[in-house]
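Ligands are counted one by one from 1 in listed order, and the atoms in each one are counted from 1 as well. Note: hydrogens, waters and symmetry copies are ignored here, and every other heavy atom, side chains too, is used. Quantities reported herein were computed from a predicted structural model and do not represent experimental measurements.
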Amino acid sequence: MKAAAFAYQKASSIGQLSESLAQGEDVIKLMAGGQSLGPMLNLRLARPSKLIDVSGLEELKQVHATKDEIVVGAAVTHAGIEDGLIAKSLGASTPLARMLAEVASDIAYRAVRNRGTIAGSIAHADPAADWVLALTTLNASVACSAPGGGRRLVPMTEFMQGAFTTALQEREFISALHIPMFSAAMRWGYFKFCRKTGEFAEASCCVVLDPQQRYARVVLGALGGAPAQLPEIARTVAERGAGAVSPASIEAAVQAAHRDGDLPSKRMAAAAVKRALAQLEQAR
Ligand SMILES: Cc1cc2nc3c(=O)[nH]c(=O)nc-3n(C[C@H](O)[C@H](O)[C@H](O)COP(=O)(O)OP(=O)(O)OC[C@H]3O[C@@H](n4cnc5c(N)ncnc54)[C@H](O)[C@@H]3O)c2cc1C
C-alpha cells in the first residue's frame with residue numbers, strides 16, 4: 001500500500017512551525033526521522049492532510065546541561081546519543097551519559113538510529129520502545145510546546161497513557177526531553193529480550209539506583225501499554241541492594257504488573273528483571 005496524498009512542508013524555524021500549527025484546518029502530523037511514521041503512512045494508519053518535517057530544525061537538535069538536568073532537543077537522533085552527545089554536553093563520561101549512549105546503541109540498527117529521534121520515539125509511544133522505558137526509569141519529563149509559545153512539562157509517568165497514546169494535545173509538539181541529573185554514584189541495569197538484533201523488545205526491564213540521591217526505580221517495559229513501575233522491588237534495591245531481591249518477590253511483582261500477559265511473556269518479564277538487577281549488582 002502507498003500513503004494517501006498529503007501536503008509537505010519542511011519547517012525552517014520553530015517560529016514557522018508554530019505558525020503553521022496555529023493556522024489552517026489541516027490535519028497535521030510532524031515528521032522527524034520518519035522511521036515509525038513512514039510505515040504508518042504507507043499502511044494508511046495515519047492519514048494527515050499535511051506533514052511538517054522538523055528534522056532540519058537546529059533548535060531541536062541541541063543538548064545542554066545544567067546543575068539539575070540534561071535537556072535533550074526533540075530532534076536529537078538515537079545515533080547522536082550513541083556517539084556521545086550527552087557526555088560531550090556534560091564534559092565528562094558520567095554513568096548517566098554512558099547509560100543513555102548504551103540504550104541508544106541498542107535501538108534497531110544503525111540506519112534506523114541515524115534518522116530516528118528521541119521525541120519521535122516518545123510521541124509514537126510504542127509499548128516496547130527503548131526510550132519510553134529508559135526515560136520513565138530516569139523520571140524524565142517531556143516538554144510539550146504549544147504554537148502560541150506556551151510550554152508544559154509532563155512527567156514520563158503521565159505522558160504515555162497507553163499503547164500509541166500520549167498526553168500530547170492537538171497542535172502541541174515536543175520540544176525537548178528533560179532528564180534529571182544523577183550523581184557519579186548512579187548505577188543502572190538494562191535488559192531486553194529480542195528475537196534478533198534490531199527488533200523491538202519482547203520483554204524489557206530498566207533499573208536505576210542512585211544512593212547519593214536516595215533514588216531507586218525499577219520499571220518493566222514491553223507490556224502492551226505504558227511501562228509499569230515495580231515499587232516493592234525498588235524499595236528492596238534501595239534498602240538492601242539488588243542481591244537481596246528474592247525470585248518470589250520478582251514473580252509477584254511481575255504477576256501484578258502484567259496481569260494480562262500469558263505465561264511465557266510473564267516468565268520473560270521476570271527474567272528481564274533478574275538480569276537487569278544482576279547488571280546493577282555487577283556495576284558496583
Ligand atoms: C526496523 C525498525 C526497527 C526498530 N526497532 C526499534 C527498537 O528496537 N527499539 C525502539 O525503541 N524503537 C525501534 N524502532 C523505532 C525507531 O526508534 C523510531 O526512530 C522511532 O520510533 C520514531 O522516531 P522518528 O524520529 O523516526 O519519528 P517519526 O517516525 O518521524 O514520527 C513518529 C511519531 O512521532 C511524531 N513526532 C515526531 N517528532 C515529534 C515532535 N517533536 N513532537 C510531536 N510529535 C512528534 C510523529 O508525528 C509521529 O506520530 C524501530 C524502527 C524500525 C523502522
Per-atom contacts of ligand 1 with [X], taking only distances under 4.0 Å to non-hydrogen atoms:
X	value
Ala74	41 (N)
Glu199	8 (O)
Leu37	28 (P), 29 (O), 31 (O)
Asp130	7 (C), 8 (O), 9 (N), 10 (C), 11 (O)
Ala123	34 (O), 35 (C), 36 (N), 44 (N), 45 (C)

Protein residue, atom and distance nearest to [atom], heavy-atom basis:
atom	answer
atom 12 (N) of ligand 1	Phe200 CE2, 3.2 Å
atom 25 (O) of ligand 1	Thr117 OG1, 2.6 Å
atom 5 (N) of ligand 1	Ala108 CB, 3.3 Å
atom 49 (O) of ligand 1	Lys29 NZ, 3.0 Å
atom 53 (C) of ligand 1	Gln35 O, 3.6 Å

[atom]: which of [options] has the nearest heavy atom?
atom	options	answer
atom 32 (C) of ligand 1	Ala201, Pro39, Ser121, Gly120	Gly120
atom 22 (C) of ligand 1	Ala104, Gly73, Ser36, Ala119	Ser36
atom 2 (C) of ligand 1	Leu133, Val112, Thr197, Thr166	Val112

Would you say ligand 1 has an N or O under 3.5 Å from any N or O of [X]?
X	result
Ala32	yes
Gly34	yes
Asp106	no
Glu172	no
Met31	no
Trp131	no
Ile174	yes
Tyr109	no
Gly33	yes

Requested in this report: Would you indicate whether Arg267, at its atom CZ, is surrounded by more than 12 heavy atoms from other residues, nucleotides or ligands within a distance under 6.0 Å?
Outcome: no
**Report entry** Asp260 atom CG: more than 12 heavy-atom contacts under 6.0 Å
**Finding:** no
Side chains of [X] and [Y]: do they bring a donor and an acceptor to under 3.5 Å?
X	Y	answer
Tyr190	Asp130	yes
Arg98	Ser93	yes
Ser55	Asp53	yes

Query raised in the report: For ligand 1, is any non-hydrogen atom under 4.0 Å from Leu168's backbone (N, CA, C, O), its side chain (CB onward), both, or neither?
Result: side chain
Requested in this report: Check whether any heavy atom of His78 sits under 4.0 Å from an atom of ligand 1.
Outcome: yes
Query raised in the report: Can a non-hydrogen atom of Leu30 be found less than 4.0 Å from any atom of ligand 1?
Result: yes
Requested in this report: For the pair Trp131 and His78, name the ring-plane relationship: parallel under 30°, tilted 30 to 60°, perpendicular over 60°.
Outcome: tilted
Give the table of side-chain donor-acceptor pairs shorter than 3.5 Å for residues 132-150, with sequence neighbours excluded, one pair per line with atom names and distance.
unit_1	atom_1	unit_2	atom_2	d
Thr136	OG1	Val132	O	2.6
Thr137	OG1	Leu133	O	2.7
Ser145	OG	Ser175	OG	2.7

Query raised in the report: For Leu209, does its backbone N or O pair with a side-chain atom of Arg187 as donor and acceptor, under 3.5 Å?
Result: no
Could you pull out every donor-acceptor pair under 3.5 Å between side chains of residues 154-165 and any protein atom, sequence neighbours left out?
unit_1	atom_1	unit_2	atom_2	d
Thr165	OG1	Ala163	O	2.9

Could you grab the distance from atom [atom1] of [X] to atom [atom2] of [Y], nearest 0.5 Å is fine?
X	Y	atom1	atom2	answer
Leu45	Ser36	CG	OG	12.0 Å
Gln9	Ser20	CD	OG	3.5 Å
Phe193	Met268	CZ	CE	7.0 Å

Lys/Arg-Asp/Glu bridge criterion (N-O < 4.0 Å) met for [X], [Y]:
X	Y	answer
Arg152	Glu172	yes
Arg110	Asp83	yes
Glu251	Lys266	no

